[in-house]
Amino acid sequence: MLTTIREKTQGTFAWVILLLICVPFALWGLQNYTDNPQENALIVVGDKEFVRNDVTQAYAQFKQQYAEMKVPEEVLKNQAIEKLIRDELLLQHVVDEQLAISDETARQFIATLDYFQTEGQFDKKKYESLLGSQGMTSAQFVRRIRKALVMEQYQKAITETSFVTDKDIASFFEIQNQTRGIEYVTLKKQAVTDMPASEDIAAYYKKHEQSYQTTAQVSVKYVELLLSDLIKEIDPTEEQTLAYYEDNKDLYSKKERRKISHILFMSNKDTTEAQALAKATAAKARLATDSFATLAAELSDDTLTAKSGGDLGLFEVGVMEAAFEDAAANLGLGEVSAPVKSAFGYHLITVTELVAAETKAYIAVKAEVKLAVQRAEAETNFYELGESLTEESFENSDNLAVVAESLGLDIKTTPLFNQLSGSDLASEEKVRQAAFSEAVLQGNNSEPLELSEERLVVLRLLEHQPAETKPLSDVETEITLAIQAEQAEGALKTLAESIKQSILDGNSLKEATKEQALMIKGIAKLSRSSQDIAWQLNQAVFKAAKPVAGKTTPIIVDGENGELHIVNVLGVAAGSKEGEAEKAKLARMNIARALGQADYTAAVEAMRADTKVLIKQP
């Protein structure tokens, strides 16, 4: 956990990353502890209250860890909240237990962080500058580090102290490498052709009436407000389009594209500013014979960009220091700056890609501008008409014609549709939900439905066909087939149970199935990884009880296509760890980790049981 920062911070400009993620709140899941008494707490752990900002930040940090995985948002949110609670429980516990890490230990750890190093050594000036930019003192930062370290130390004291004995490993392989001898047959359904009695059909019909209902359907009449229709009604003048173009030239312009690279010569306790400047001046002289990228790889103290020729990507104002930005902004393509001073030393800067800014002529974008003017005016009209539509449909909830006439809209109709599907307008789920709502079914207009940012609809019931039970005569054939299917399935299960019972009574599988003349298949040494049978069947075999007292273990397993398998487990052979040296090492490590994590989880749950934990709905 605490090694993550070391792994992800390499190079002089790693401080930029640090500023972006905000040091105090990014370290190892420690959340924003800034209290806002004006906000209601969403989560309470003991005496600690977390407001929306805390929860949002916890979620953002947690989500970043799973950015490449397709995890449902709701799952991520719940897991983030749980992590926030567990971290706070752990923090409160170590504080209550008065567990501590010395300031010296914290400082030693801080000194190892690449964020605060220059040429592999801790740079106090950089450290203080970086904390100062975050409004944090060294003492405050050290306290946070101490909390993080003691939390990790407590967790590791549990998770990394579990041990696994040789006997545990032997037992593991006895189970993991176990083999089983089996024999099995497959029973398939036999079609039932006997016709059920009329009274049986009637009884089945009465018992399953809900299965033979027609689907409720409705049709609606509606008015819709479309932005596309309003756009067609607007014909802007030449003056309007030209004025719009002049006011919004940035929409028809491309900004300058300027890509830059640099070579950094650091000034620190080992290199004075004068020495860094001398290095930069000498390097610029070498550019007469050597390429910028070659010198960057050889000389730059920015190890993060050196290997890519000093590439800093596209130039953006407001990221670097003013002197650096001024020099970069005024260079031509391929031109190299004089040494430029910054807080880190001196830089040589060059422009590796330059595409000039460009604004399209009015005549070239006139049609596009006209559409933009139309759309802008239409959007204003759409908003105003939308307000009117809401008011009119509410004030005339029992009459759609008045609404249509007031706004100059046509009344349209739909064919019948049900709650699950429909065509055209009824393909919209919002429409189907509104159409089957109690208010609309009772004869009222719906509320305006926003089907998109450019489409509003108000609908009213036209026709309603409620669900009703189909006549027996219409479903008699369907019921007959259902009864026959049930009888076939029942006969199959009865046969399977009788064969299983016969084996339990002491007969062999061959004797138990002699009347059916079934093909018996056998596997002498079935392993857990075997692909000789379907995985569901394999899994059931290894879940079955071991044969005891000279008796076999028969089981019934459902097949994928309605068939049943009768499996007779004949014997079990314990596995061995012989030849599994490498797997044994991995097993020992994984089992120990699992045991340690289980112990840690139990410890945190015990803390939770003794602490007030509340999760409120936002």
Side-chain angles (χ1 to χ4, degrees), residues 10-22 133 238 240-266 276-277 279-281 283-373 375-376:
Q10 299 295 331
T12 305
F13 274 80
W15 62 273
V16 175
I17 301 172
L18 186 61
L19 291 177
L20 289 175
I21 63 175
C22 190
S133 69
E238 181 73 11
Q240 286 177 304
T241 56
L242 185 57
Y244 184 90
Y245 171 78
E246 292 295 338
D247 291 341
N248 297 276
K249 273 191 176 180
D250 57 319
L251 298 176
Y252 309 102
S253 303
K254 289 183 179 179
K255 293 183 179 179
E256 178 187 78
R257 178 183 173 89
R258 181 178 291 263
K259 196 173 182 181
I260 62 173
S261 296
H262 82 139
I263 304 173
L264 172 66
F265 302 90
M266 289 191 63
L277 176 58
K279 288 181 180 181
T281 303
K284 183 167 183 181
R286 286 183 58 185
L287 287 171
T289 56
D290 297 325
S291 72
F292 193 94
T294 299
L295 290 183
E298 177 186 342
L299 303 175
S300 183
D301 290 326
D302 180 1
T303 56
L304 183 65
T305 64
K307 55 190 175 185
S308 58
D311 182 25
L312 288 174
L314 292 177
F315 172 66
E316 292 184 24
V317 176
V319 176
M320 306 299 184
E321 294 182 24
F324 187 103
E325 290 186 352
D326 288 343
N330 289 293
L331 289 173
L333 180 64
E335 189 179 353
V336 179
S337 71
V340 179
K341 185 180 178 182
S342 77
F344 291 91
Y346 283 88
H347 308 258
L348 293 179
I349 309 167
T350 189
V351 177
T352 59
E353 183 181 328
L354 182 59
V355 178
E358 177 188 6
T359 299
K360 295 178 182 178
Y362 171 69
I363 192 65
V365 293
K366 183 176 179 180
E368 184 180 343
V369 174
K370 179 179 179 180
L371 181 59
V373 174
R375 186 176 186 87

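Keep in mind it's a predicted model, so treat the numbers as computed, not measured.
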Between the main-chain N or O of Asp311 and the side-chain N or O of Lys259, is there a donor-acceptor pair closer than 3.5 Å?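 Answer holds: no.
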Any donor-acceptor N/O pair, Ser300 side chain to Leu264 backbone, under 3.5 Å: yes
Please report the interatomic distance [atom1]([X]) to [atom2]([Y]), rounded to the nearest 0.5 Å.
| X | Y | atom1 | atom2 | answer |
| --- | --- | --- | --- | --- |
| Lys255 | Glu358 | NZ | CD | 15.5 Å |
| Leu348 | Lys284 | CG | NZ | 7.0 Å |
| Ser337 | Ile263 | OG | CD1 | 9.5 Å |
| Ile349 | Ser261 | CD1 | OG | 10.5 Å |
| Asp301 | Phe344 | CG | CZ | 12.0 Å |
| Asp247 | Leu242 | CG | CG | 9.5 Å |

Who pairs with Thr359 by side-chain hydrogen bond (donor to acceptor under 3.5 Å, both in side chains), at least two apart in sequence or on another chain?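 side-chain hydrogen bond (donor to acceptor under 3.5 Å, both in side chains) check on Thr359 returns Ser253.
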Please identify each residue that fulfils side-chain hydrogen bond (donor to acceptor under 3.5 Å, both in side chains) with Glu353, with sequence neighbours left out.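 For Glu353 the side-chain hydrogen bond (donor to acceptor under 3.5 Å, both in side chains) partners, ignoring immediate neighbours, are Arg257.
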Kindly state each residue pair satisfying salt bridge (Lys or Arg N to Asp or Glu O under 4.0 Å) with at least one member in residues 327-340, sequence neighbours excluded. none
Side-chain donor/acceptor pairs under 3.5 Å, residues 360-369, sequence neighbours excluded:
| residue | atom | partner | partner atom | Å |
| --- | --- | --- | --- | --- |
| Tyr362 | OH | Glu238 | OE2 | 3.1 |
| Tyr362 | OH | Thr241 | OG1 | 2.8 |
| Lys366 | NZ | Glu238 | OE1 | 3.0 |

Quick one: are [X] and [Y] in side-chain contact, heavy atoms under 4.5 Å?
| X | Y | result |
| --- | --- | --- |
| Val355 | Lys254 | no |
| Lys370 | Tyr244 | no |
| Arg258 | Leu331 | yes |
| Thr350 | Thr352 | yes |
| Glu298 | Arg286 | yes |

[X] and [Y]: which non-hydrogen atoms are nearest, and at how many Å?
| X | Y | result |
| --- | --- | --- |
| Ala296 | His262 | CB-O, 4.3 Å |
| Phe315 | Glu325 | CZ-O, 3.6 Å |
| Gly332 | Val351 | O-CB, 3.6 Å |

Set of residues satisfying salt bridge (Lys or Arg N to Asp or Glu O under 4.0 Å) with respect to Lys279, sequence neighbours excluded: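 Not a single residue meets the salt bridge (Lys or Arg N to Asp or Glu O under 4.0 Å) criterion with Lys279.
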Set of ring pair (Phe, Tyr, Trp, His ring centres under 6.0 Å) partners for Phe292, sequence neighbours left out: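 Result, ring pair (Phe, Tyr, Trp, His ring centres under 6.0 Å) vs Phe292: none returned.
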